Number of protein chains: 2
Amino acid sequence: MEIYKGEKKRICLEKYSIAHLFSFPVEEFIEVHEYRRDEWIIQEGMRPDFLFYVIEGKAKIYVTHQNGKVSLINFINANEYIGEMELLNDVYYTKGIQASTKTVCFALPFHCYRTQLLEDAKFLRELTRFLSGKATFMAAKYSQSLAFPLENRLADFILQTADEGVYKEKHVTVCDYLGVSYRHLLHVLTQFCEKGYLQKEGRNYQIKQYGSLKELAGVLKNK
Amino acid sequence: MEIYKGEKKRICLEKYSIAHLFSFPVEEFIEVHEYRRDEWIIQEGMRPDFLFYVIEGKAKIYVTHQNGKVSLINFINANEYIGEMELLNDVYYTKGIQASTKTVCFALPFHCYRTQLLEDAKFLRELTRFLSGKATFMAAKYSQSLAFPLENRLADFILQTADEGVYKEKHVTVCDYLGVSYRHLLHVLTQFCEKGYLQKEGRNYQIKQYGSLKELAGVLKNK
DNA sequence: AAAATAATATGAGATATCTCATATTTTGAG
DNA sequence: CTCAAAATATGAGATATCTCATATTATTTT
């Protein structure tokens with residue numbers, strides 16, 4: 001982890017101004033942190049000291065269960081918060097947050113800003129929207145995971161993550177995210193290839209039948 | 001649905017004052033609604049006109065999937081909000097909310113209060129806490145549902161809902177809540193009886209071995 | 001470059017969970 | 001009180017998904 005100082009920090013604060021998110025100045029004690037790919041921004045079970053706001057990059061929220069299974073609960077993208085749960089709740093089991101690409105965040109020390117943040121309607125309004133989205137998203141994922149087999153959820157995931165018609169996510173990550181075993185994921189991917197929806201190219205998969213995948217993914221959505 | 005008027009309304013407003021939740025007076029346009037058991041407070045897919053605050057009773061959040069499966073996403077208890085998603089988000093698929101007992105709510109018309117509410121730090125702070133809890137809870141349920149078989153989740157549910165050592169939830173409701181088929185739920189309940197954890201009494205189940213159930217439920221929690 | 005580690009790959013048997021069919025009992029509406 | 005609907009109950013076969021074992025191929029570290 002690198003903490004930006006001097007010129008580098010100044011430029012960053014200027015480029016990604018977040019003044020509009022608060023009704024008071026937060027510049028004074030803000031820090032700018034850069035995390036390398038795979039670095040842990042927050043260790044599971046350890047309370048952070050900062051409220052983070054992601055300005056560049058992408059991270060993953062992980063939780064480890066007692067039976068050793070790991071769940072990738074969700075991704076965090078630019079313009080989203082990290083550590084807001086700990087800001088709001090004194091009792092909270094902290095999830096692990098891992099950078100999945102180089103990730104740059106603003107870090108607001110709790111001890112400087114906690115009180116002010118919790119009284120700032122502008123900040124709270126945005127946070128409320130963010131959290132309502134998070135709650136809604138998790139509720140959707142939850143109910144979908146119970147109502148539909150992997151086939152449907154995977155089709156949806158492929159369509160969402162494919163880049164120019166090519167799906168190239170790491171199997172291991174996807175297993176944690178969709179909550180299925182490695183073996184089963186590979187099995188369903190193979191089926192997709194046999195049915196002609198995908199075509200394997202080295203370790204990537206080329207989408208061949210958008211229509212079929214869209215149909216599978218479509219049943220997840222409530223119109 | 002009954003709307004309280006006159007004396008009945010006044011008494012209710014007095015008994016369950018919610019003035020402390022807002023920094024401005026909300027009494028003027030507030031309504032008090034009472035819903036009978038099984039009545040729909042909000043119809044799935046229909047935007048409500050009110051922000052509700054439950055003061056008595058218990059309700060259920062349902063969503064219907066395209067394949068006909070129904071998920072009971074969560075329960076709502078006294079001192080919780082309903083309709084907050086619609087208050088915050090212009091685009092939102094409204095879930096169905098059904099009273100599971102007689103339920104009394106305060107109903108704040110969006111058109112009167114929306115603007116004020118979204119600028120009220122006191123209200124927003126509490127709502128933020130509520131939503132963070134909701135998001136956390138859904139994330140936990142989600143990851144647990146993928147990481148553990150019904151056996152564990154059911155043990156947890158039984159311990160949470162048992163009343164004086166007796167479990168007596170409706171199977172149908174539990175299926176929707178835990179996201180499993182009726183057949184399978186009955187199967188696991190039978191196993192619990194065979195193992196001596198529970199003992200069937202008519203249509204209820206008496207808990208016989210707390211320890212065993214606690215052990216099964218315990219692995220869900222991250223310490 | 002060698003060694004260690006992570007990711008991919010595949011087979012085979014086990015288990016959790018689902019679907020469908022059908023019967024009985026309980027509950028709510030008229 | 002009666003009938004229809006809802007809830008409970010159970011069997012049997014199908015399928016989704018898991019576990020474990022083992023190989024091969026990349027990637028990272030030394």
Side-chain angles (χ1 to χ4, degrees), chain A residues 36-39 60 62 65 67-72 98 100 143-155 157 166-195 198-205 216 219-220, chain B residues 36-39 60 62 65 67-72 98 100 102 143-155 157 167-195 198-205 216 219-220:
Chain A
R36 291 185 312 278
R37 183 156 80 84
D38 293 343
E39 198 173 354
K60 296 176 282 189
Y62 277 108
H65 299 282
N67 63 0
K69 284 198 188 176
V70 169
S71 296
L72 199 189
Q98 186 183 35
S100 61
S143 66
Q144 287 167 6
S145 74
L146 294 174
F148 299 96
L150 180 61
E151 183 175 52
N152 300 96
R153 296 178 292 131
L154 179 59
F157 183 75
V166 178
Y167 168 79
K168 46 173 89 164
E169 298 299 315
K170 283 226 174 94
H171 296 330
V172 191
T173 308
V174 179
C175 291
D176 291 342
Y177 185 63
L178 298 179
V180 294
S181 68
Y182 188 90
R183 193 62 193 83
H184 190 53
L185 173 64
L186 270 278
H187 180 231
V188 175
L189 277 172
T190 305
Q191 278 180 204
F192 281 3
C193 291
E194 281 167 2
K195 289 180 185 163
L198 299 177
Q199 183 176 315
K200 196 165 172 181
E201 291 183 341
R203 50 191 42 212
N204 299 339
Y205 295 79
L216 283 175
V219 304
L220 297 187
Chain B
R36 291 185 312 279
R37 183 155 80 84
D38 293 343
E39 199 173 353
K60 296 176 283 189
Y62 277 108
H65 300 281
N67 64 0
K69 285 198 188 177
V70 169
S71 296
L72 198 188
Q98 186 184 35
S100 62
K102 181 187 108 174
S143 66
Q144 287 167 7
S145 74
L146 294 174
F148 299 96
L150 179 61
E151 183 175 52
N152 300 96
R153 297 179 291 131
L154 179 59
F157 183 74
Y167 168 78
K168 46 174 90 164
E169 297 300 313
K170 283 227 174 91
H171 297 329
V172 191
T173 308
V174 179
C175 291
D176 291 342
Y177 185 63
L178 297 178
V180 294
S181 66
Y182 188 91
R183 193 63 194 83
H184 190 53
L185 173 64
L186 270 279
H187 179 231
V188 176
L189 277 172
T190 305
Q191 278 180 204
F192 281 4
C193 291
E194 280 166 3
K195 289 179 184 163
L198 299 177
Q199 184 177 314
K200 197 163 170 182
E201 291 183 339
R203 51 191 42 210
N204 298 339
Y205 294 79
L216 283 175
V219 303
L220 297 187

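Below, chain A is the first sequence line, B the second, and so on; all start at residue 1. These numbers come from a predicted model, not from an experiment.
- In the set D:dT28, D:dT19, C:dC18, D:dT19 carries the atom at the smallest distance from any side-chain atom of A:Ser181.
- Remark: P of D:dT17 and CG of A:Leu185 are 11 Å apart, rounded to the nearest angstrom.
- Put simply, NZ on B:Lys69 is 12 Å from P on C:dT17, counting in whole angstrom units.
- Between A:Arg153 and A:Val180, the closest side-chain pair of non-hydrogen atoms falls below 4.5 Å.
- Between the CG atom of B:Leu146 and the P atom of C:dA16 there is a distance of 16 Å, rounded to whole Å.
- One can place CD of B:Glu194 at 14 Å from C1' of D:dA9, the figure rounded to the nearest angstrom.
- Of all heavy-atom pairs spanning A:Leu146 and B:Lys69, the tightest one is O-NZ, 4.1 Å.
- Nucleic acid contact class of B:Arg37 (heavy atoms, under 4.0 Å, all strands): sugar-phosphate only.
- Backbone-only engagement by B:His171 is indicated by non-hydrogen atom pairs under 4.0 Å involving sugar-phosphate atoms exclusively.
- In A:His171, the NE2 atom is crowded: over 12 heavy atoms of neighbouring residues, nucleotides or ligands sit closer than 6.0 Å.
- When distances are taken from the side chain of B:Lys170 to each of C:dA7, C:dC18, D:dT8, the shortest belongs to D:dT8.
- Using a 4.5 Å heavy-atom cutoff, the side chains of B:Val174 and B:Tyr167 are in contact.
- With rounding to whole Å, A:Asn152 atom CG is found 15 Å from D:dT17 atom C1'.
- Considering only side-chain atoms of A:Arg203, the nucleotide from C:dT8, C:dT17, C:dT19 that sits closest is C:dT8.
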What pairs of nitrogen or oxygen atoms, one from the protein and one from nucleotides 10-15 of chain D, lie under 3.5 Å apart?
unit_1	atom_1	unit_2	atom_2	d
D:dG11	N7	B:Arg183	NE	2.9
D:dG11	N7	B:Arg183	NH2	2.9
D:dG11	O6	B:Arg183	NE	2.8

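- With values rounded to the nearest 0.5 angstrom, B:His65 atom NE2 is found 3.5 Å from A:Ser143 atom OG.
- For A:Gln144 and D:dA16, the CD to C1' distance is 18 Å, given to the nearest whole Å.
- With A:Phe157 as the partner, the ring-ring contact (aromatic ring centres under 6.0 Å, His included) test is satisfied by one option alone out of A:Tyr205, A:Phe148, A:Tyr177, A:Phe192: A:Tyr177.
- C:dA16 atom P lies 14 Å from atom CG of B:Leu154, rounded to whole Å.
- Residue-environment remark: NE2 (A:His187) stays at or below the threshold of 12 foreign heavy atoms within 6.0 Å.
- The distance from atom CD of A:Glu169 to atom C1' of C:dA6 is 17 Å, rounded to the nearest whole Å.
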